[in-house]
Enquirer: 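This is the structure I want to talk about, given as structure tokens.
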Amino acid sequence: MCGIIGIVSHDAVNQELYDGLTVLQHRGQDAAGIVTSDGKHLSLRRKNGLVKEAFRTSSHMRKLRGNMGIGHVRYPTAGSSSESEAQPFYVNSPYGISLAHNGNLTNSDPLKRELFEQDRRQINTESDSEVLLNIFAQELHRQNSYRVSPDDIFKAVAGVHKRCRGAYAVVAMITRDGIVGFRDPNGIRPLTFGSRKTEKGMDYMIASESTALATQGYKIERDIKPGEAIYVTLNGEVHTRQCAPNPSYKTCLFEYVYFARPDSVIDNVFVHKARMRMGHKLAEKIQNEWKDHDIDVVIPIPDTSRTSALEMAMTLDVSYREGFIKNRYIGRTFIMPGQGKRTKSVRQKLNPIDLEFKGKNVMLVDDSIVRGTTSKEIVQMVRDSGAKNVYFASASPPVRFPNIYGIDMPAAEELIAHARTEAEIAEHMGVDRLIYQSLEDLKDSITEGNAELTEFDCSVFNGEYVTGEGEAYFTELQKLRGKSSKKKKKNRAPVDLCNSQ
């Protein structure tokens, strides 16, 4: 999972891109990058680490010149965490194109062969985002125009849709011309468009989540539709077109469960409200299946589950308490690269308040249970704090299958729910009772916010992949991940076309 942003403005965009990326930091902590254009030349800096670490001095910002630019925060999945794979990527031909991508291509290997054998293009990294950039560049090259036109852009995006499979939300910048945003025909990953009126004219932003626009003073116009492309020229002209023959909404459920900020709106659904409904439906399930429950207190595992936990407590008419103090200087453990870091970070990140647990029957609420290592550690912490009984509720169903659309769940064997019953999961976690959200209730929690959303990417829950991958793909993915884990991480100098120090 990654965060992307693009801005066309009447003023310098370096600071707004930086600020926008900090708002999207929850979507990726591994690397950050910004590229800007003054209409003739581009300036690029990308580096491993948080946004504040990648752009740590004023000189880094000053050298990002221009009124147009794109940015990216990276969360690596099966690929490498090498600095060479930080985004945005750049290719010179045609026109000079930079690109930032959120998602995952599931046919990147055959596309690499096509690019080399048919298109004579060389891929220099293991990133599927570089593949996507070169596919877009090659499709734009086919238009054979001296200067790029909106029609050329949309034909190129249509070519991308024909060749690429998987999940992709994209912002791309053509150095002398403008910024393009587009989304895969299933709309798996989010992308939002907004505008801002200034004394000089209209400014425009495209970003992964609406909150990046709202915090910068942009009016949220709408979500970019599945298969649609939007092109904003350097002088502020806006062009849109549907570029896929049969687009349909199949938004990723995990965006609402975990990844998105609660103050975001995705596909016209308020994430906060969706999570409230998740908590309410969980409470109804407890009332139906466990009428004589003895829950004394509902306690969320911060931060994502707070909304669901509070709504559950209110519906059940039991106490809600904050039982954990969170170290805010440690990032989201789910998106940390490597199981060792995730496990080690749990006790560093969360410290229980003993008096909220001692002698009580505690209902812990989390957004999901993926690998189970974090949950198991937390349960033990609660028992050590003197809880009488420990119950656990997940706002999402059991995660039993790998994710192939940009979330780091590639191996089924790593998932605690894979090939286990709910009773076995509860025993493994060490809880006295385990309650999962049903898939239908989870879907309804989102659909109640937007009736147009009738289909979703539910693959991690039901094993049904909307782009139709088979067993061969998962075999190759495991091989790739095995190779990646064996590679030693190397520290490389930041890639910086500004020559900043």
Side-chain angles (χ1 to χ4, degrees), residues 1-2 77-79 101-115 118 126-129 131-132 134-136 139 157-170 182-191 224-229 242-257 259 266-267 370 396-415 417-419 439-440 442-443 446-447 452-481:
M1 193 67 57
C2 301
T77 53
H101 164 219
N102 173 30
N104 182 55
L105 297 185
T106 59
N107 64 335
S108 60
D109 284 345
L111 287 176
K112 283 181 185 179
R113 291 191 293 271
E114 283 182 23
L115 285 167
Q118 300 175 24
E126 295 297 320
S127 174
D128 60 340
S129 302
V131 174
L132 183 56
N134 277 272
I135 292 291
F136 178 61
E139 292 300 316
V157 173
V160 171
H161 292 332
K162 289 177 183 177
R163 298 179 69 176
C164 295
R165 193 169 68 241
Y168 49 94
V170 171
F182 60 92
R183 200 172 173 194
D184 71 74
N186 292 300
I188 297 173
R189 294 286 155 242
L191 198 60
I224 294 174
K225 296 177 181 178
E228 185 185 22
Q242 178 54 253
C243 300
N246 297 298
S248 62
Y249 275 107
K250 295 185 178 69
T251 308
C252 175
L253 283 174
F254 233 77
E255 289 284 353
Y256 301 97
V257 169
F259 272 100
I266 294 178
D267 290 326
V370 181
S396 65
V399 177
R400 300 187 186 278
F401 301 94
N403 182 278
I404 59 174
Y405 300 127
I407 303 175
D408 189 18
M409 302 179 198
E413 292 75 17
E414 293 182 8
L415 307 173
H418 180 72
L439 183 54
E440 287 309 309
L442 178 58
K443 289 180 182 178
I446 291 114
T447 301
E452 291 185 29
L453 302 181
T454 58
E455 296 183 78
F456 299 92
D457 168 42
C458 312
S459 53
V460 298
F461 306 123
N462 62 12
E464 297 173 7
Y465 296 90
V466 297
T467 54
E469 278 66 30
E471 191 64 33
Y473 174 77
F474 294 99
T475 301
E476 287 300 314
L477 186 63
Q478 283 302 99
K479 289 180 181 177
L480 174 63
R481 193 166 189 262

Enquirer: Between Arg163 and Glu114, does at least one N-O distance fall below 4.0 Å, as a salt bridge requires?
Expert: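 The answer is yes: the pair qualifies as a salt bridge.
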
Enquirer: Please assess Glu255 against Arg189 for the test salt bridge (Lys or Arg N to Asp or Glu O under 4.0 Å), listing each intermediate value before the final yes or no.
Expert: CA-CA 8 Å; Glu255 289 284 353; Arg189 294 286 155 242; 3.1 Å; yes

Enquirer: Can you tell me if His418 uses its side chain to pair, donor with acceptor, with the backbone of Arg400 under 3.5 Å?
Expert: yes

Enquirer: Taking 4.0 angstrom as the limit, do Lys162 and Glu139 come out as a salt bridge?
Expert: no

Enquirer: So for atom NZ, which belongs to Lys112, do other residues, nucleotides or ligands contribute more than 12 heavy atoms lying within a distance under 6.0 Å?
Expert: yes

Enquirer: Pro190 pairs by side chain to side chain contact (heavy atoms under 4.5 Å, CB included) with which of Asp267, Thr251, Asn102?
Expert: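 That would be Asn102.
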
Enquirer: Does any non-hydrogen side-chain atom of Pro402 lie less than 4.5 Å from one of Val460?
Expert: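 Contact flag for Val460/Pro402 side chains = no.
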
Enquirer: Using a strict cut-off of less than 4.0 Å between a Lys/Arg side-chain nitrogen and an Asp/Glu carboxylate oxygen, indicate whether Lys250 and Asp184 qualify as a salt bridge.
Expert: no

Enquirer: Applying the side chain to side chain contact (heavy atoms under 4.5 Å, CB included) criterion to Met1, which one of Asn403, Ile407, Asn104 satisfies it?
Expert: Ile407

Enquirer: Decide yes or no for Tyr405 and Ser459: does some side-chain heavy atom of the first lie under 4.5 Å from some side-chain heavy atom of the second?
Expert: yes

Enquirer: If you take the centroid of each ring, where Trp contributes its six-membered ring, are Phe136 and Phe182 closer together than 6.0 Å?
Expert: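 Between Phe182 and Phe136, the centre distance is under 6.0 Å.
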
Enquirer: For Glu469 and Thr467, does a side-chain donor sit closer than 3.5 Å to a side-chain acceptor?
Expert: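 Present: a donor and an acceptor within the cut-off.
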
Enquirer: Just wondering, more than 12 heavy atoms not from Glu452 lying within 6.0 Å of its CD?
Expert: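 Open.
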
Enquirer: Should Cys458 and Leu253 count as side-chain neighbours, where that means a heavy-atom distance under 4.5 Å?
Expert: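 The answer is yes; the side chains approach within 4.5 Å.
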
Enquirer: Between CG of Leu105 and CG of Asn107, what distance do you get to the nearest 0.5 Å?
Expert: 6.0 Å

